[in-house]
Amino acid sequence: MTKDSSNIFSTSPFVSGNIYAADYAAPTPAILTTAVQDMQTAYNDAANRPNPNFLNYSFGLLNGQLLRPGLYRWVSDVSVTNKITFNGSPTDVWILQITGKLSVATNTEIILTGGADPENIFWQIAKAITVGTESHVEGTFIGATSMAFHTGSSLKGCALLMTAVTLDTATIMTSNISTEPSTGPT
């Protein structure tokens with residue numbers, strides 16, 4: 001990383017855009033504080049949605065399922081061991097509440113069909129998230145702990161974690177991602 005002469009941000013040949021840190025010059029610390037507070041608000045909003053449409057769907061083992069729009073809640077770890085498909089319109093919303101860990105196996109893919117939009121998929125995870133080698137995931141991942149992307153993995157969306165995001169030759173592609181699942185099922 002190379003700090004800009006303003007000491008407000010850094011750049012890197014490995015990152016498209018700027019990199020910010022809490023100990024950089026103003027206004028960066030205030031902006032980061034606001035961003036963290038917004039992330040915590042989004043996490044709490046997603047975590048506290050009542051009355052799930054699907055409770056402990058497939059007992060937390062996702063292997064080739066088709067996920068329809070709605071609120072999903074697991075009171076356990078969740079493992080994605082094969083491709084899963086989110087099927088719905090561009091305005092449909094998915095909120096996935098996971099009280100345990102989320103593990104995405106090697107060479108696993110999340111597929112969107114019917115116009116489903118990664119901006120409307122919100123993953124709220126209480127424990128660690130692991131994305132396996134050469135796997136692809138989509139949506140906004142809002143986590144209470146950490147997220148690790150293994151070699152060759154990718155995300156179309158956003159990773160918002162309260163402690164750390166670890167990238168090992170991984171790709172994150174963003175679009176106009178919202179961090180507040182305010183229009184989803186209640």
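Computed from heavy atoms alone, side chains included, the values below leave out hydrogens, waters and symmetry copies.
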Student: Do Lys101 and Ile125 have side chains that get closer than 4.5 Å, going by heavy atoms?
Tutor: no
Student: With the side chain counted from C-beta on, respond yes when Val78 and Tyr57 share a heavy-atom pair under 4.5 Å apart, and no when they do not.
Tutor: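 Result no, sub-4.5 Å side-chain heavy-atom pair not found.
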Student: Can you name the closest pair of heavy atoms from Ala47 and Gln97 and give their distance?
Tutor: O-NE2, 3.4 Å
Student: Which atoms form the tightest heavy-atom contact between Glu138 and Ile121, and what is the distance?
Tutor: O-CG2, 4.1 Å
Student: Ignoring hydrogens, what is the shortest heavy-atom contact between Thr11 and Ile19? Give both atom names and the distance.
Tutor: C-CD1, 4.3 Å
Student: Contact between Trp123 and Leu102 at the side-chain level, heavy atoms closer than 4.5 Å - yes or no?
Tutor: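 The answer is yes, as the side chains (C-beta and beyond) meet within the 4.5 Å cut-off.
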Student: Any chance you could measure Ser153, atom OG, to Ile172, atom CD1, to the nearest 0.5 Å?
Tutor: 8.0 Å
Student: Which heavy-atom pair separates Thr145 from Ala126 by the least distance, and what is that distance?
Tutor: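 Scanning both residues completely, I find the closest heavy atoms to be CG2-O, 3.7 Å.
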Student: Against Phe141, only a single residue in Val165, Val131, Leu155 fulfils side-chain contact (heavy atoms from CB on, under 4.5 Å); can you say which?
Tutor: Leu155
Student: Quick one: pull up NZ in Lys127 and OG in Ser103 and give me the separation to the nearest 0.5 Å.
Tutor: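 Result: 12.0 Å between the selected atoms.
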Student: Is it true that Thr91 and Ser89 share a donor-acceptor pair across their side chains at a distance under 3.5 Å?
Tutor: yes
Student: Does the side chain of Arg73 reach to within under 4.5 Å of the side chain of Asn56, using non-hydrogen atoms?
Tutor: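 When only atoms from C-beta onward are counted, Asn56 and Arg73 do not touch, as no gap falls below 4.5 Å.
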Student: Does any part of the side chain of Lys83, heavy atoms only, come nearer than 4.5 Å to the side chain of Gln65, both counted from C-beta?
Tutor: no
Student: Measuring only between side-chain heavy atoms, which start at C-beta, is Glu134 closer than 4.5 Å to His150?
Tutor: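 Side-chain contact under 4.5 Å: no.
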Student: Considering the options Asn63, Ile84, Leu62, Val80, which one meets the side-chain contact (heavy atoms from CB on, under 4.5 Å) requirement together with Thr108?
Tutor: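 For Thr108, the side-chain contact (heavy atoms from CB on, under 4.5 Å) check succeeds only for Val80.
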Student: More than 12 non-hydrogen atoms from neighbouring residues, nucleotides or ligands closer than 6.0 Å to NZ on Lys3, yes or no?
Tutor: yes
Student: Quick check against the 3.5 Å criterion: does Thr28 have a side-chain atom that pairs as donor or acceptor with the backbone of Ile8?
Tutor: yes
Student: Side-chain contact, heavy-atom cut-off 4.5 Å: Met39 with Thr41?
Tutor: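 Not touching, per the 4.5 Å side-chain cut-off.
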Student: Aromatic rings Phe86 and Trp94: how do their planes relate, parallel, tilted or perpendicular, breaks at 30° and 60°?
Tutor: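 Answer is perpendicular, since the angle exceeds 60°.
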Student: For Ser10 and Tyr24, run side chain to side chain contact (heavy atoms under 4.5 Å, CB included): C-alpha distance rounded to whole Å, both residues' side-chain angles, the deciding distance at 0.1 Å, then the answer.
Tutor: CA-CA 9 Å; Ser10 293; Tyr24 286 11; 2.6 Å; yes
Student: Mind checking whether Asp77 and Thr99 have side chains closer than 4.5 Å, heavy atoms only?
Tutor: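 Heavy-atom side-chain distance check fails, nothing below 4.5 Å.
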